[in-house]
Amino acid sequence: MKESAEILGLIKEYETRESDLRLNIAQLKSLNEALRIADERSAILHSIIESSDDAIVSKDLNSIVTSWNDAAERIFGYSASEMIGRSIMKIIPPERAEEEPHILGQLRQGIRVDHFETERLRKDGTLINVSLTISPIKDRNGNVVGLSKIARDITDKKNIEIKKNEFIGFVSHELKTPLTSLRSYIQVALHKAKKDELEFISQALSRAELQTKKMENMISDFLSISKFEDGHMKINSTRFDMAKAIQENLEDARIASAKHILVYVGADEAYVYGDREKLSLVLTNLISNAQKYSPSGGTITINCQPKDQHFFISVSDQGIGISTADQKLMFGKFFRVNSEQTKFISGFGIGLYLASTIINLHKSSITVESAPDKGSTFSFHVAAATEAV
């Protein structure tokens, strides 16, 4: 009887072990399958990285390179053996050294950096223009342990932009002189027509003068962009009355469109410190846009109010409004809202880009509040000037 119990116990133990063995075999098969899939994915990822035309680089949080693909070698001239285990600062120009800690600071917070355009240093000592997209690498617990970087060589793109801007600057400069002469002739003829009470000719010449002024403003915009992108745009700051400058812009705007009601609300005097000519150009562009994108007319309100040692200026319209998606792009060069409502509105998409550039040079920025069919409000601020300035 005792022997039978022992035999039964052994049989039961054997069955338990056999069950555990079958379970372990199933787990091993599952693990092997997972490893096979992981190996396949790793091979595919490795193939993509090595065949990419973009440099794909990874590094740790001390800026030490941990991987370097073939494209990185083609673009920067350094082999993987020359870069892996060494600092990424090797390809960063000394004058741009501050970019690396700034980028690392963002990535430590888990913030991705998209399409950051800068310059990097090749092995032969030449500089190349690159666009960087940088993402944090996280461990299983979500901690940032490194980063991956995709660098695209955009030198050709930059060279094309430079040539295009040079052409725009040249053409704009060549057009400005004859256009100024033409406007002078129109003004003389207009003065004579009014003196001789030739009503029809006076009206025609007034419209011609307005069109030449529009062309002059457009050419000035192109020249200003060209100067800025060449690094030649300078801010000549003086103390001036912004309220007076706004009123002067409103007088010109009233001539351009009779169907809009233009209203000024704000301080009687608003002495600021800035570049009067360039800030007037900003006002011209914002008011002109408000008129163009309010085809049904309505009221355009320019507000200028003091606050915290600044004057806050806004231009509001009752026009077609701007979608949230377009608001993110509208300050880019040559961007124009593309819709059924805007296809007959003229323009090159440089006014807001130029206005934003000028305001940035004044250590401020243009903000927009808008919604489709609800009108738009563009705002910026300028430092208030004291008597001592």
Worksheet item: Using the ring of each side chain (for Trp, its six-membered ring), is Phe312 parallel, tilted or perpendicular to His381, with breaks at 30° and 60°?
Response: tilted

Worksheet item: Does Arg239 make a cation-pi contact with Tyr271 (under 6.0 Å, within 45 degrees of the axis)?
Response: yes

Worksheet entry | Leu283 CG to Ile246 CD1 distance, which is reported to the nearest 0.5 Å | 5.5 Å

Practice prompt. Taking side chain to side chain contact (heavy atoms under 4.5 Å, CB included) as the test, write out the residues that go with Lys157, two or more places apart.
Written response: Glu117, Ile154, Glu161

Worksheet item: Excluding sequence neighbours, so at least two apart, what forms salt bridge (charged side-chain N to carboxylate O under 4.0 Å, His left out) with Lys59?
Response: Glu100

Discussion item. Please determine whether a side-chain nitrogen of the Lys or Arg among Lys278 and Asp275 lies less than 4.0 Å from a carboxylate oxygen of the Asp or Glu.
Written reply: yes

Worksheet item: Mind checking what makes ring-ring contact (aromatic ring centres under 6.0 Å, His included) contact with Phe331, not counting sequence neighbours?
Response: none

Worksheet item: Between Ile366 and Ile235, is there a shared hydrophobic cluster once you connect ILVMFWY residues whose side-chain heavy atoms come closer than 4.5 Å?
Response: yes

Worksheet item: Given Arg120, which of Leu127, Thr126, Ile92 fulfils the side chain to side chain contact (heavy atoms under 4.5 Å, CB included) condition?
Response: Ile92

Worksheet item: So how far is it from Asp54 CG to Ile150 CD1, rounded to the nearest 0.5 Å?
Response: 6.5 Å

Discussion item. Whether Asp114 and Arg112 form a salt bridge (side-chain N of Lys/Arg under 4.0 Å from carboxylate O of Asp/Glu) is what I want to check.
Written reply: yes

Worksheet item: Do the ring centers of Tyr78 and Trp68 come within less than 6.0 Å of each other?
Response: no

